[in-house]
Each structure stands twice: as C-alpha cells, then as structure tokens.
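Report on the structure given below.
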Amino acid sequence: MASGTETSGSGDIGRTLELLWDTGRRPSRGPRPGLTLERIVEAAVEVADREGLGAVSMRRIATELGTGTMSLYRYVPGKGELLDLMLDRVQRPSPQDPADLGDGDWRSALHALGHATLARHRRHTWLLEVNQSRPILGPAALDGMEKVLARIKPMGLTDPELVSVIVMIDGYVVGAARTQVYEREVERSSGLTDAEFWQAQEPVLVEAMSSGRYPMLSGLSEDAFGTGFDHFEFGLQRILDGLEVLVTARRAADPATPDGPPTPDTPAPADGSAAPEQPA
C-alpha cells in the first residue's frame, strides 16, 4: 500500500467548502433520477474501501453508479474535491463507527476516541494513503472536534494544549493503525502468514541468541514477542497516564481548575456535613 499518495485540499478549496457546507449552487435535475452528491460520495468511499484510493476516479464512480462521467461533473468538479468530501463523510457517526465517547470523564473520552479512530482507519485503510496535514474542515470533522473538546475541557489545560491532546492521540493512533494495516497487507501480498514468516527466520535467530552476543534479547521471556499482548492499549494507557500527571499538577497549582482541590473559602455542604479540612 502506498502512503501519502493523495493530498487533502488539492482541489478548488472554495468549491469544496461550498459542497461540504451546502452553500453553493445546486445542479438542476439531470437525466439520471436518484443521482445525488451524497450517493456519489458514498460510492467513492465504497470503492476506496474495497480496492484502495487508486481505484477511485470520476469514470470509475460513474460506472459504479450506472451513469455517464459527465453527469458526475455536474455535482463535483473532480477527484480533488471528491476526496475531501470522502474524508469528511467517513467521520460521520454510523452503525459501524458510532464515535461514541461515552459519558465518563476526560480520560474515558480520550480512551474511546483512540479506539474509535483506530477502528475508522482499519475500516477505511485508504485514509493512510492521504496526506491530511492541511485538511478541509467540513461539518463532520468540526462536529467530532466539538464533541471531544466539550469532554476534555475539564482537564484545565490551555486551549493550545487541549488541541495538542487531540493531535497527540491522533498521531499515536495513526501510527498504530499503519502498523496493523501494513501487517494485514503484507500477509495478503506475500502469501505468508505472520507465523510462517517468523518460523522461516527461527533457525538463524536461535543460533544468534545462543552466541552470547545478545544477552538482553536472549534473556527475554518466551512471551515477550507474543501476540497476546495488546501493544495499542498499553501505549494508549501510558499516554493517558502522562496526561493524568499533568492534569493533577495543574489542579494542585490552581485550585480554581474544574474538579480541582477545594479552595479555602469553600462553603460547608448544604447537608450540614463538615467541610473538608484545609491545609494549614
């Protein structure tokens, strides 16, 4: 699978925004009843999911929809604009990708976000072929960001830091998704299962471990490289642990931070119970 073969924002930015936000001109009724921009985008996503982004072209989507290529151009100018519509489309909640952040605290929300993002990249592997360093922001993208920010605002971080938290989670997940997707792709293209691949190397590796040259590696337990360990979950939890340390430190330094320690003038609870003691 190629990486970074396409770039978001490569089409007419103004026209793309009109299409994303439905602020531009609408095509007059054409000769193909039922043909809509929504259906065109859905068909493009379906083709990309099955065959990769390289299979997506205006001609191919027209064939998929049983219409002429020129009919598509009445709805979308070209593949560049279509790609940005596809990128926004796959961020919408769906039965397969509900994007449910739950109703817990900021940590549970970020945990859910990490797993939802991983699931999206595994379902739409072509996302890894797109350079999204300059995304065109549509309704689905902003809806998702709005929901996440609302859940993590109580962390008490600055606004740039909150955005950085989202960027951090996304960067970690995309890297993990790339590894997982590439593992599936190489198994398909090579015809070798993961077990067969490592078995082919076993004689040489056993000899290398017996040589005394690699004492740390040879001393590892048998399950060190086993498939039973969830590397993704382990890494995600350690990121959240680090953020927890930062949030705790900020709350200790600023008692006014949401969910932080009580201030000295905290009023007694309405139920008459004793107010928490304050440090001397």
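When a residue number appears, it is its place in the shown sequence, counting from 1. Excluded from the calculations below are hydrogen atoms, water molecules and symmetry mates; all remaining heavy atoms, backbone and side chain alike, are included.
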Derivation and outcome, side chain to side chain contact (heavy atoms under 4.5 Å, CB included), residues Asp241 and Arg107:
CA-CA 9 Å; Asp241 286 345; Arg107 180 166 180 143; 2.7 Å; yes
Any chance you could lay out the salt bridge (charged side-chain N to carboxylate O under 4.0 Å, His left out) test for Arg92 and Glu38, step after step, and finish with the verdict?
CA-CA 13 Å; Arg92 292 187 195 173; Glu38 178 78 5; 2.9 Å; yes
With side chain to side chain contact (heavy atoms under 4.5 Å, CB included) as the test, would you mind laying out the steps for Trp21 and Leu142 before giving the verdict?
CA-CA 11 Å; Trp21 292 95; Leu142 292 188; 3.7 Å; yes
Stepwise side-chain hydrogen bond (donor to acceptor under 3.5 Å, both in side chains) test for Thr158 and Glu161:
CA-CA 5 Å; Thr158 66; Glu161 288 171 336; 3.1 Å; yes
Assess whether salt bridge (charged side-chain N to carboxylate O under 4.0 Å, His left out) is satisfied between Arg238 and Glu244, documenting all intermediate values.
CA-CA 10 Å; Arg238 301 299 72 80; Glu244 188 93 54; over 6 Å; no
Step by step, would you call Trp126 with Val56 a side chain to side chain contact (heavy atoms under 4.5 Å, CB included)?
CA-CA 11 Å; Trp126 53 271; Val56 176; over 6 Å; no
Could you give me the CA-CA distance, side-chain angles and deciding distance for Val163 and Asp159, then say whether side chain to side chain contact (heavy atoms under 4.5 Å, CB included) is met?
CA-CA 6 Å; Val163 172; Asp159 289 348; 5.8 Å; no
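Put simply, CZ on Arg122 and CG on Leu127 are 14.0 Å apart, with the number rounded to the nearest 0.5 Å. The distance from atom CD1 of Ile40 to atom CG of Leu19, rounded to the nearest 0.5 Å, is 9.5 Å. Taking CG from Leu113 and CD1 from Ile166, the interatomic distance works out to 7.5 Å, rounded to the nearest 0.5 Å. Taken from CG in Leu205 to OH in Tyr214, the straight-line distance is 10.0 Å, to the nearest 0.5 Å. The CZ atom of Arg89 lies 12.5 Å from the CG atom of Leu82; values are rounded to the nearest 0.5 Å. The line from NZ of Lys79 to OG of Ser57 is 7.0 Å long, rounded to the nearest 0.5 Å.
Ring pair Tyr172/Phe232 is parallel by interplanar angle, where below 30° counts as parallel and above 60° as perpendicular.
Between the side chain of Asp88 and the backbone N or O of Ala140 there is at least one donor-acceptor pair closer than 3.5 Å. When atom types are taken as modelled, the side chain of Thr179 and the backbone of Gly175 share a donor-acceptor pair closer than 3.5 angstrom. Side chain of Glu51 to main chain of Ala48: no donor-acceptor pair is present (N/O by atom type, distance under 3.5 Å, no hydrogens or angles). Checking side-chain atoms of Ser8 against main-chain N and O of Asn131 turns up a donor-acceptor pair under 3.5 Å. Using a distance-only test at 3.5 Å, with no hydrogens or angles considered, no donor-acceptor pair links the side chain of Thr7 to the main chain of Ser10. Between the side chain of Ser164 and the main chain of Pro160, no donor-acceptor pair closer than 3.5 Å is present. Judged by distance alone, the side chain of Ser108 and the main-chain N or O of Asp105 form a donor-acceptor pair under 3.5 Å. Between the side chain of Asp230 and the backbone N or O of Glu233 there is at least one donor-acceptor pair closer than 3.5 Å.
Residues Asp84 and Leu20 come closest through the heavy atom pair O-CD2, 4.2 Å. Listed here is the closest heavy atom pair of Arg151 and Asp103: NH2-C, 3.7 Å. Summarising the geometry of Gly9 relative to Ile136, their closest heavy-atom pair is CA-CG1, 3.7 Å, with the distance given to 0.1 Å. Minimum interatomic distance between His121 and Ala177 (heavy atoms only, all atoms of both residues): CB-CB, 3.7 Å. Nearest heavy-atom pair across Arg120 and Gln91 is NE-CA, 4.2 Å. Minimum heavy-atom separation, Leu101 to Ala112: CA-CB, 3.9 Å.
Here the side chains of Thr125 and Asp49 are not in contact, with every heavy-atom distance at 4.5 Å or above. Side-chain contact between Glu187 and Leu192 is absent, with no heavy atoms from C-beta onward closer than 4.5 Å. You'll find the side chain of Trp106 reaches within 4.5 Å of the side chain of Val247, heavy atoms only. Leu72 places none of its side-chain heavy atoms less than 4.5 Å from the side chain of Arg59. Inter-residue side-chain proximity for Thr69 and Thr63 is flagged as unmet; no heavy-atom pair is nearer than 4.5 Å. In this structure, Asp170 and Val167 have side chains that are not in contact, with every pair of non-hydrogen atoms separated by 4.5 Å or more. The shortest side-chain heavy-atom distance between Leu83 and Leu53 falls under the 4.5 Å cut-off. Here the side chains of Met155 and Leu243 are in contact, with some heavy-atom distance below 4.5 Å.
Contact check on Arg50 versus Glu64 returns a salt bridge, with a Lys/Arg side-chain nitrogen under 4.0 Å from an Asp/Glu carboxylate oxygen. Between Arg39 and Glu42 there is a salt bridge, since at least one side-chain N of the basic residue sits less than 4.0 Å from a carboxylate O of the acidic one.
Linking ILVMFWY side-chain heavy atoms closer than 4.5 Å, directly or via other members, places Leu85 and Leu137 in a single hydrophobic cluster. Cluster membership for Met86 and Tyr73, using ILVMFWY side-chain heavy atoms within less than 4.5 angstrom, is shared. Linking ILVMFWY residues whenever their side-chain heavy atoms come closer than 4.5 Å, directly or via other members, places Leu246 and Leu236 in the same cluster. The cluster map of Ile, Leu, Val, Met, Phe, Trp and Tyr, joined by side-chain heavy atoms under 4.5 Å apart, puts Val165 and Met145 in the same cluster. Connection of Met70 to Leu65 is established within a shared hydrophobic cluster, with ILVMFWY side chains joined at heavy-atom distances below 4.5 Å, either directly or through further cluster members.
Remark: the Glu207 side chain and the Ser210 side chain contain no N/O donor-acceptor pair separated by less than 3.5 Å.
Atom CD of Glu146 has 12 or fewer heavy atoms from other residues, nucleotides or ligands within 6.0 Å.
No cation-pi contact links Arg184 to Tyr182, judged by a cut-off of 6.0 Å to the six-membered ring centre and 45° from its axis.
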